[in-house]
K.L.:
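Dropping the structure in here first, questions after.
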Amino acid sequence: MSIHNGDIAAAFDEIADLLSIQGANAFRIRAYRRAAQNIRGLPHEIAEAADPASYEALPGIGADLAAKIAELIRTGRLAALQKLRRQVPPGLRDLLGLPGLGPVRVRALATALKIKNPADLRRALAAGRLAQVRGFGPAVRARLEQALERAPSEALKRMPIAQAAEYAEPLRRFLAAVPGVERAEIVGSYRRGRDTVGDLDVLVCAPPTVDPAAALRGYADLGALNAAGRTKASGVLRNGLQFDLRVVGSESFGAALQYFTGSKEHGIRLRQRARARGMKLSEYGLFRGQRSLAGPSEPDVYATLGLEWIPPELREDRGELEAAERHELPQLLERADLKGDLHVHTRATDGHDSLEDMVAAARAAGLTYVAITDHSKYLGIVRGQDAGRLARQCDAIDALNERLRGFTVLKGAEVDILEDGRLALADTALAQLDVVVIAVHSHFDLPEAKQTARVLRALERPHVTVLAHPSGRLLGEREPYALDFERVLSAAHERPCYLEVNGQPLRLDLDDVHVKAAVEHGVLLSIASDAHSVGQFANLEGGVRQARRGWARKGDVLNTRPIAQLRKLLRATRR
DNA sequence: GCCGTTTTCGGCCCGACTGTTTTCAGTCG
């Protein structure tokens with residue numbers, strides 16, 4: 001079994017949790033957490049590095065953690081972690097996630113009442129035994145009772161960003177329209193363009209005479225307003241989405257925008273930087289002593305710290321501060337850069353709209369070409385096309401192209417990768433196409449070696465141009481299948497072929513980390529809507545956001561090329 | 001446990017709120 005970055009990060013996170021329950025030095029714990037976070041964001045697999053000595057060059061990894069990484073990769077286990085697991089009952093870690101329970105209170109429960117897991121806690125609460133423990137007043141007990149009643153999965157569930165947007169934008173508009181409010185922005189992971197959001201962070205700019213939180217009571221979609229001061233409130237929308245509201249004056253708006261956009265790690269790095277320069281950064285501004293150096297404008301906050309303004313999508317502490325310091329931030333891809341879309345369905349298979357309507361919608365979306373990629377015939381795919389129907393669709397496309405001016409329809413298919421790595425359509429059928437998108441739609445649970453061999457074998461086929469939704473994940477529904485992405489990336493680079501960033505709200509696949517890996521390997525990306533109806537070209541925006549989070553520039557993306565250049569790049573994949 | 005525009009030792013981000021307290025620890029974002 002090979003060790004992935006996620007495994008290493010998970011091990012370090014677990015060590016951090018267990019150490020915190022033991023009451024270890026807080027900075028030591030933080031070192032483990034930072035290391036885990038950094039490792040998760042790496043665009044390459046640590047285990048693939050030739051030389052274990054290189055681990056120490058990674059940010060936040062010193063001699064000790066480098067040795068632990070080496071041990072984990074070599075043996076698949078970590079003695080230090082196993083020792084901790086023997087010392088700390090496993091259920092205690094589950095308690096850490098409950099509201100109001102940090103390491104100190106968890107430790108108090110374990111020592112005072114011998115509580116070892118959530119079930120113990122539930123019994124102790126019911127028996128009224130918690131009241132005798134210091135730090136567990138009536139309010140804390142009530143919150144715990146509530147939390148234990150709720151299904152834990154529900155409380156932790158994150159919402160896909162496209163879905164969150166349907167609630168975020170009306171909320172933002174409502175607040176922006178409150179008399180006296182100067183600006184309202186959705187910040188947090190939403191502004192950073194993460195694939196999912198846990199809650200909405202809303203920042204409002206208003207003078208002290210205005211009380212936006214009070215105005216929120218009149219918001220139709222409000223479920224409940226909890227803590228509601230003038231400058232800080234939190235609540236929940238009717239659909240269950242949590243939100244936090246902060247209100248600041250215009251003198252602080254830029255600093256607050258920075259602060260509440262996060263990420264946490266990015267913010268910490270920024271405040272460290274301020275401190276090292278004798279300044280102090282908070283949501284109220286950047287100060288030297290009492291003197292304010294920056295505050296109203298977010299770019300000024302960065303500039304005063306010697307940094308270029310960093311686009312929110314990059315603010316994950318994955319090297320953006322260093323790049324900003326050297327003026328080497330990438331010029332990120334923008335939606336307007338996209339000239340076409342290479343993954344689109346019609347009602348010939350599982351789409352809702354006709355070829356003509358999809359083409360018209362693509363034009364309306366500002367594109368100049370589109371590839372029609374209906375499904376190949378295969379088990380489980382409704383009305384998939386065989387070679388005969390595909391040939392007739394190609395004729396229809398030829399005829400349509402005759403009538404079109406300034407727009408090109410490319411002939412394509414989304415072809416299933418069978419369990420053994422063969423494709424669901426014969427090479428002869430694929431030879432007539434401009435774009436061959438291949439994808440896994442079945443047998444998601446193969447072991448990693450088999451799944452990887454399957455995809456690699458499919459990539460060997462002569463007419464393949466794009467590997468679609470390479471991880472197969474569906475947010476909140478299906479985990480990525482086990483795949484050695486590093487090897488797929490190398491194969492794609494060598495072949496060459498292109499990797500898709502699927503913009504469907506539940507896919508967003510590749511994810512940000514894999515996009516960055518592809519960019520660094522020089523593998524071009526295809527930002528695709530995977531539209532199944534005329535409205536779904538809007539998915540392209542999600543794909544662009546995801547690609548930006550992976551540091552993609554215009555030049556890193558296949559479908560920013562004008563049609564003539566695109567055709568050249570497509571031909572380069574043929575064998 | 002990491003790391004150096006103050007440092008190879010001694011620091012390590014910031015502020016608010018909550019609840020439980022008699023002045024603040026713990027949690028949260």
Side-chain angles (χ1 to χ4, degrees), chain A residues 12-13 15-16 19-21 23-39 55-69 80 95-109 130-144 147 187-192 197-203 213 226-234 242-248 252 255-256 258-287 301 305-306 317 321 325:
Chain A
F12 285 176
D13 268 334
I15 289 180
L19 283 174
S20 77
I21 293 170
N25 178 292
F27 299 109
R28 189 175 160 218
I29 294 164
R30 187 185 301 172
Y32 278 103
R33 291 205 199 284
R34 272 207 67 195
Q37 172 75 17
N38 286 335
I39 288 168
Y55 303 160
E56 260 190 88
L58 299 171
I61 308 291
D64 184 278
L65 292 186
K68 287 195 167 67
I69 293 172
L95 293 177
L96 271 184
L98 294 171
L101 280 194
V104 175
R105 290 199 180 115
V106 167
R107 194 160 59 249
L109 289 176
L130 244 62
Q132 47 185 292
V133 187
R134 190 185 166 81
F136 290 86
V140 171
R141 296 202 302 272
R143 264 211 298 177
L144 283 175
V187 288
S189 51
Y190 183 89
R191 183 167 178 238
R192 299 201 310 280
V197 300
D199 64 2
L200 292 178
D201 296 298
V202 191
L203 179 65
N226 305 328
R230 198 198 72 83
T231 63
K232 188 170 177 180
S234 69
Q242 302 274 339
F243 66 87
D244 288 311
L245 173 72
R246 286 292 299 250
V247 184
V248 298
S252 299
Q258 193 295 307
Y259 188 91
F260 292 110
T261 296
S263 66
K264 188 177 176 196
E265 291 73 19
H266 176 93
I268 288 174
R269 289 286 310 277
L270 219 52
R271 291 191 286 280
Q272 280 174 341
R273 191 179 172 89
R275 170 186 272 262
R277 285 164 176 68
M279 307 180 228
K280 190 181 68 166
L281 177 63
S282 75
E283 61 263 53
Y284 299 110
L286 182 60
F287 300 91
V301 171
L305 291 169
D317 190 19
L321 285 126
E325 184 170 42

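Chain naming here is simple, since letters A, B, ... match the order of the sequence lines and numbering starts at 1 in each. Predicted model only: the values in this text are computed from it and were never measured.
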K.L.:
Just compare dC14(B), dT27(B), dA16(B) and give me whichever is closest to any side-chain atom of Arg246(A).
P.N.:
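My answer, after comparing the listed nucleotides, is dA16(B).
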K.L.:
With a 4.0 Å cutoff (strictly under), does any side-chain N or O of Lys264(A) reach OP1 or OP2 of dC13(B)?
P.N.:
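No, because none of the side-chain N or O atoms of Lys264(A) sits under 4.0 Å from OP1 or OP2 of dC13(B).
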K.L.:
From the options dC28(B), dC2(B), dG15(B), select the nucleotide whose nearest atom is closest to the side chain of Pro99(A).
P.N.:
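The nucleotide sitting nearest to the side chain is dC28(B).
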K.L.:
Grab the two heavy atoms, one from Val140(A) and one from Gly135(A), that are nearest each other, plus how far apart they are.
P.N.:
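Closest heavy-atom pair between Val140(A) and Gly135(A): CG2-O, 4.0 Å.
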K.L.:
Please classify the nucleic acid contact of Leu101(A) as base, sugar-phosphate, or nothing, using heavy-atom distances under 4.0 Å.
P.N.:
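The residue Leu101(A) makes sugar-phosphate contact but no base contact.
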K.L.:
Scan every strand shown for a Watson-Crick or G-U wobble partner of dT8(B), both distances under 3.5 Å, and answer none if you come up empty.
P.N.:
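Answer to the pairing question: none, since dT8(B) forms no Watson-Crick or G-U pair.
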K.L.:
Hey, which sits more toward the 5' end of DNA chain B by its nearest nucleotide, Gly102(A) or Gly60(A)?
P.N.:
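Comparing both residues, the 5'-ward one is Gly60(A).
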K.L.:
Show me the side-chain donor-acceptor pairs of residues 274-287 of chain A shorter than 3.5 Å, one per line, residues at least two apart or across chains.
P.N.:
residue: Arg277(A); atom: NH1; partner: Arg273(A); partner atom: O; Å: 3.3
residue: Ser282(A); atom: OG; partner: Tyr284(A); partner atom: N; Å: 3.1
residue: Tyr284(A); atom: OH; partner: Arg246(A); partner atom: NH2; Å: 3.4

K.L.:
With a 4.0 Å limit, can you tell me whether Tyr259(A) has a side-chain N or O closer than that to the phosphate oxygens OP1/OP2 of dA16(B)?
P.N.:
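The answer is no; no side-chain N or O of Tyr259(A) sits under 4.0 Å from OP1 or OP2.
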K.L.:
If I pick the C1' atom on dG11(B) and the same atom on dG26(B), what distance separates them, to the nearest angstrom?
P.N.:
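It comes out at 23 Å once rounded to the nearest Å.
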K.L.:
Without decimals, in angstroms, what is the distance between Lys280(A) NZ and dC14(B) C1'?
P.N.:
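Atom-to-atom, Lys280(A) to dC14(B), this comes out as 8 Å.
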K.L.:
Anything under 3.5 Å between a protein N or O and an N or O of nucleotides 5-8 of chain B, put it in a table, one pair a line.
P.N.:
residue: dT6(B); atom: OP1; partner: Ala276(A); partner atom: O; Å: 2.9

K.L.:
Using the P atom on both, measure dT21(B) against dT27(B) and round to a whole Å.
P.N.:
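Here dT21(B) and dT27(B) have their P atoms 14 Å from each other.
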K.L.:
Using the C1' atom as the reference point in each nucleotide, state the distance between dG10(B) and dT6(B) in Å, no decimals.
P.N.:
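Taking atom C1' in both dG10(B) and dT6(B), they lie 11 Å apart.
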K.L.:
Using atom C1' of each nucleotide, how far apart are dC13(B) and dC3(B) to the nearest Å?
P.N.:
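My reading of the C1' atoms in dC13(B) and dC3(B) gives 16 Å.
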K.L.:
Ignoring the backbone of Ile268(A), work out which of dC13(B), dG29(B), dG19(B) is nearest its side chain.
P.N.:
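Looking only at heavy atoms from C-beta outward on Ile268(A), the closest nucleotide is dC13(B).
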K.L.:
Are side-chain heavy atoms of His266(A) and Leu321(A) found at a separation under 4.5 Å?
P.N.:
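Yes. Closest side-chain heavy atoms under 4.5 Å.
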K.L.:
So, using salt bridge (Lys or Arg N to Asp or Glu O under 4.0 Å) as the criterion, who are the partners of Arg191(A) when residues are at least two apart?
P.N.:
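Applying salt bridge (Lys or Arg N to Asp or Glu O under 4.0 Å) to Arg191(A) gives Glu298(A).
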K.L.:
Just the rounded figure in Å: distance from C1' of dC28(B) to CG of Leu144(A).
P.N.:
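Computing the Leu144(A):CG to dC28(B):C1' distance gives 15 Å.
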K.L.:
Are any of the side-chain heavy atoms of Thr231(A) and Val248(A) separated by less than 4.5 Å?
P.N.:
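No, too far: nothing below the 4.5 Å cut-off.
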K.L.:
Please list, chain by chain and in numerical order, all residues satisfying ring pair (Phe, Tyr, Trp, His ring centres under 6.0 Å) with Tyr259(A), sequence neighbours excluded.
P.N.:
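Tyr259(A) satisfies ring pair (Phe, Tyr, Trp, His ring centres under 6.0 Å) with no residue once adjacent residues are dropped.
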K.L.:
I need the residues from residues 25-35 of chain A with at least one non-hydrogen atom less than 4.0 Å from DNA chain B; give them sorted by number, or say none.
P.N.:
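Heavy-atom cutoff 4.0 Å gives Asn25(A), Phe27(A), Arg28(A), Arg30(A), Ala31(A), Tyr32(A).
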K.L.:
Quantified in whole Å, what is the C1' atom distance between nucleotide dC12(B) and nucleotide dT8(B)?
P.N.:
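Looking at atom C1' only, dC12(B) and dT8(B) are 15 Å apart.
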K.L.:
Check this for me: does any side-chain nitrogen of one of Asp317(A) and Lys264(A) sit under 4.0 Å from a carboxylate oxygen of the other?
P.N.:
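Salt bridge between Asp317(A) and Lys264(A), a charged N being under 4.0 Å from a carboxylate O: no.
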K.L.:
Using the test ring pair (Phe, Tyr, Trp, His ring centres under 6.0 Å), find all partners of Phe136(A) that sit at least two apart in sequence or belong to another chain.
P.N.:
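So Phe136(A) forms no ring pair (Phe, Tyr, Trp, His ring centres under 6.0 Å) with any residue.
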K.L.:
dT27(B) P sits how many Å from Leu95(A) CG, rounded?
P.N.:
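Value for this atom pair: 12 Å.
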K.L.:
Taking C-beta and beyond as the side chain, do Tyr32(A) and Leu19(A) meet within less than 4.5 Å on heavy atoms?
P.N.:
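A side-chain contact exists here, since the closest heavy-atom pair is under 4.5 Å.
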K.L.:
Between dC14(B) and dT22(B), how far is it from one C1' atom to the other, in whole Å?
P.N.:
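Result for the C1' pair: 26 Å, nearest Å.
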K.L.:
Select base, sugar-phosphate, or nothing to describe what Arg105(A) touches, counting heavy atoms under 4.0 Å on all strands.
P.N.:
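The residue Arg105(A) makes sugar-phosphate contact but no base contact.
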K.L.:
Whole Å only: how far is the CG atom of Asp244(A) from the C1' atom of dC17(B)?
P.N.:
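Atom CG in Asp244(A) sits about 12 Å away from atom C1' in dC17(B).
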K.L.:
Tell me: CZ of Phe136(A) to P of dT27(B), nearest whole Å?
P.N.:
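In whole Å, dT27(B) P and Phe136(A) CZ are 8 Å from each other.
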K.L.:
Determine the minimum heavy-atom distance between Ala35(A) and Ile61(A), stating which atoms define it.
P.N.:
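Shortest heavy-atom contact: CB-CD1, 3.7 Å.
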K.L.:
In terms of the nearest nucleotide of DNA chain B, which residue is placed more toward the 5' end: Gly62(A) or Thr231(A)?
P.N.:
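Its nearest nucleotide lies further toward 5', so the answer is Gly62(A).
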K.L.:
Rounded to whole Å, please give me the gap between CD in Glu283(A) and P in dC13(B).
P.N.:
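That distance rounds to 16 Å.
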K.L.:
Whole angstroms only, please: what is the CZ-P distance between Arg141(A) and dG19(B)?
P.N.:
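Checked: the CZ to P distance equals 12 Å.
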K.L.:
Less than 4.5 Å apart, any side-chain heavy atom of Leu203(A) and any of Phe260(A)?
P.N.:
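Heavy-atom side-chain distance check passes, below 4.5 Å.
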K.L.:
Please report the distance, rounded to the nearest Å, between CG in Leu286(A) and C1' in dC14(B).
P.N.:
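Computing the Leu286(A):CG to dC14(B):C1' distance gives 13 Å.
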